[in-house]
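Report on the structure given below.
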Amino acid sequence: MFKKPIRTVTRVFLHCSASDNVGPEYEGKGLVKTITAWHVARKFATIGYHFVIDKKGVVEPGRNIESTPAAQEKNNLGTIAICLHGLKKDKFTQQQFNSLRQLCGEINKAYNGKITFHGHKEVSSKDCPVFDYKMVLGLDAKGYTKLGV
């Protein structure tokens with residue numbers, strides 16, 4: 001699933017979509033297309049995230065992995081951005097967390113365990129993601145995980 005980009009990456013940021021639905025106007029178009037439309041409406045060139053994980057745990061590619069994300073204002077360089085569809089803590093699914101662990105394990109393995117994982121809230125006043133990402137990924141105090149290594 002994950003192919004290491006040529007560009008330098010040192011951190012992965014986790015996000016939630018701040019919505020538990022996609023809205024009738026986007027029905028059947030796919031979550032990435034929906035979020036792309038939201039981001040383009042906010043004057044982004046395209047979707048800001050590299051990966052989006054839906055409620056069923058399906059991982060959809062978003063922005064080209066070789067491109068810098070548009071996801072953590074002033075903290076985008078050298079990062080990968082992953083978004084889980086959801087807003088309310090109790091609406092995230094085990095399938096999403098399983099897919100997140102698998103994807104982050106692949107990323108961690110590609111970087112030989114020398115990459116750190118963070119929540120958007122670590123560099124923003126937003127409560128994003130709203131779920132306990134540190135527990136889900138088994139992060140230590142510096143943001144390292146043993147997943148994949």
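Since the structure is predicted, the reported quantities are computational estimates derived from the model, not experimental observations.
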Completion exercise
Distance col, row Leu100:CG vs Cys83:SG, nearest 0.5 angstrom, shows 10.5 Å

Problem - Residue pair Pro61 / Val32: nearest heavy atoms and the distance that separates them - result: O-CG2, 3.5 Å

Handout entry: Common cluster, Met135/Ile53, ILVMFWY with side-chain heavy-atom separation under 4.5 Å
Key = yes

Handout entry: Side-chain (Asn112) to main-chain (Lys114) donor-acceptor, under 3.5 angstrom
Key = no

Handout entry: Listed once per pair and sorted, the salt bridge (charged side-chain N to carboxylate O under 4.0 Å, His left out) pairs that draw on residues 92-113, sequence neighbours left out
Key = none

Handout entry: Of all pairs that satisfy ring pair (Phe, Tyr, Trp, His ring centres under 6.0 Å), the ones with a partner from residues 89-108, not counting sequence neighbours
Key = Phe92-Phe131, Phe97-Phe131

Handout entry: CG on Leu84 to OH on Tyr133, rounded to 0.5 Å
Key = 13.0 Å

Handout entry: Test item: Thr79 side-chain N/O and Asn76 main-chain N/O as donor-acceptor pair under 3.5 Å
Key = yes

Handout entry: Partner set under side chain to side chain donor-acceptor pair (under 3.5 Å) for Glu73, not counting sequence neighbours
Key = none

Handout entry: Backbone N/O of His15 and side chain of His120: donor-acceptor pair under 3.5 Å
Key = no

Practice task
Tell me, please, which residues at least two apart from His50 pass ring pair (Phe, Tyr, Trp, His ring centres under 6.0 Å).
Solution key: none

Completion exercise
Sorted by chain and number, sequence neighbours left out, side chain to side chain donor-acceptor pair (under 3.5 Å) with Lys88 holds for none

Completion exercise
Taken to the nearest 0.5 Å, the spacing of Thr36 OG1 from Tyr49 OH works out to 10.5 Å

Exercise for the section: Look at the side chain of Arg7 and the backbone N and O of Leu77, then say whether any donor-acceptor pair between them is shorter than 3.5 Å. Expected result: no

Exercise for the section: Report yes if some heavy atom in the side chain of Ile6 is under 4.5 Å from a heavy atom in the side chain of Glu66; otherwise report no. Expected result: yes

Fill in the blank from the handout: For Val123, the other hydrophobic cluster members (4.5 Å side-chain criterion, sorted by chain and number) are Phe13

Cut-off 3.5 Å, no hydrogens considered: what does the side-chain donor-acceptor table look like for residues 137-146, sequence neighbours left out?
| from | atom 1 | to | atom 2 | distance (Å) |
| --- | --- | --- | --- | --- |
| Asp140 | OD1 | Lys142 | N | 2.9 |
| Asp140 | OD1 | Gly143 | N | 3.0 |
| Asp140 | OD1 | Tyr144 | N | 3.0 |
| Thr145 | OG1 | Leu137 | O | 2.6 |
| Thr145 | OG1 | Leu147 | N | 3.2 |

Practice task
Not counting sequence neighbours, which residues clear side chain to side chain donor-acceptor pair (under 3.5 Å) with Thr68? List them please.
Solution key: none

Handout entry: hydrophobic_cluster_shared for Trp38 and Phe44, side chain cutoff 4.5 Å
Key = no

Problem - Verify same cluster id: Leu103, Ile65 (apolar side-chain graph, 4.5 Å) - result: yes

Problem - Nearest-0.5 Å distance that lies between atom CD in Glu60 and atom OG in Ser99 - result: 11.5 Å

Problem - For the student: nearest non-hydrogen atoms of Ile82 and Cys104, plus distance - result: CD1-SG, 3.9 Å

Problem - Backbone of Ile47 reached by a side-chain donor or acceptor of Arg63 within 3.5 Å - result: yes

Practice task
Output every pair passing salt bridge (charged side-chain N to carboxylate O under 4.0 Å, His left out) with a member in residues 121-136, not counting sequence neighbours, ordered by first then second residue.
Solution key: Lys121-Asp127

Problem - Partners passing salt bridge (Lys or Arg N to Asp or Glu O under 4.0 Å) against Lys55 (at least two apart in sequence or in another chain) - result: Asp20

Fill in the blank from the handout: Taken to the nearest 0.5 Å, the spacing of Tyr111 OH from Thr116 OG1 works out to 11.5 Å

Practice task
Taking all non-hydrogen atoms of both residues into account, name the closest pair between Cys16 and Pro129 and its distance.
Solution key: SG-CA, 3.7 Å

Fill in the blank from the handout: Rounded to the nearest 0.5 angstrom, the CD1-NZ distance for Ile107 and Lys3 is 14.5 Å

Exercise for the section: Starting from Leu87, walk the hydrophobic network (Ile, Leu, Val, Met, Phe, Trp, Tyr; side-chain heavy atoms closer than 4.5 Å) and list everyone else you reach, by chain and number. Expected result: none

Practice task
Please report the closest heavy-atom contact between Gly48 and Ala81, naming both atoms and the distance.
Solution key: O-CB, 4.2 Å

Fill in the blank from the handout: Hits for side chain to side chain donor-acceptor pair (under 3.5 Å) against Asn75, two or more places apart or cross-chain, chain-then-number order -> none

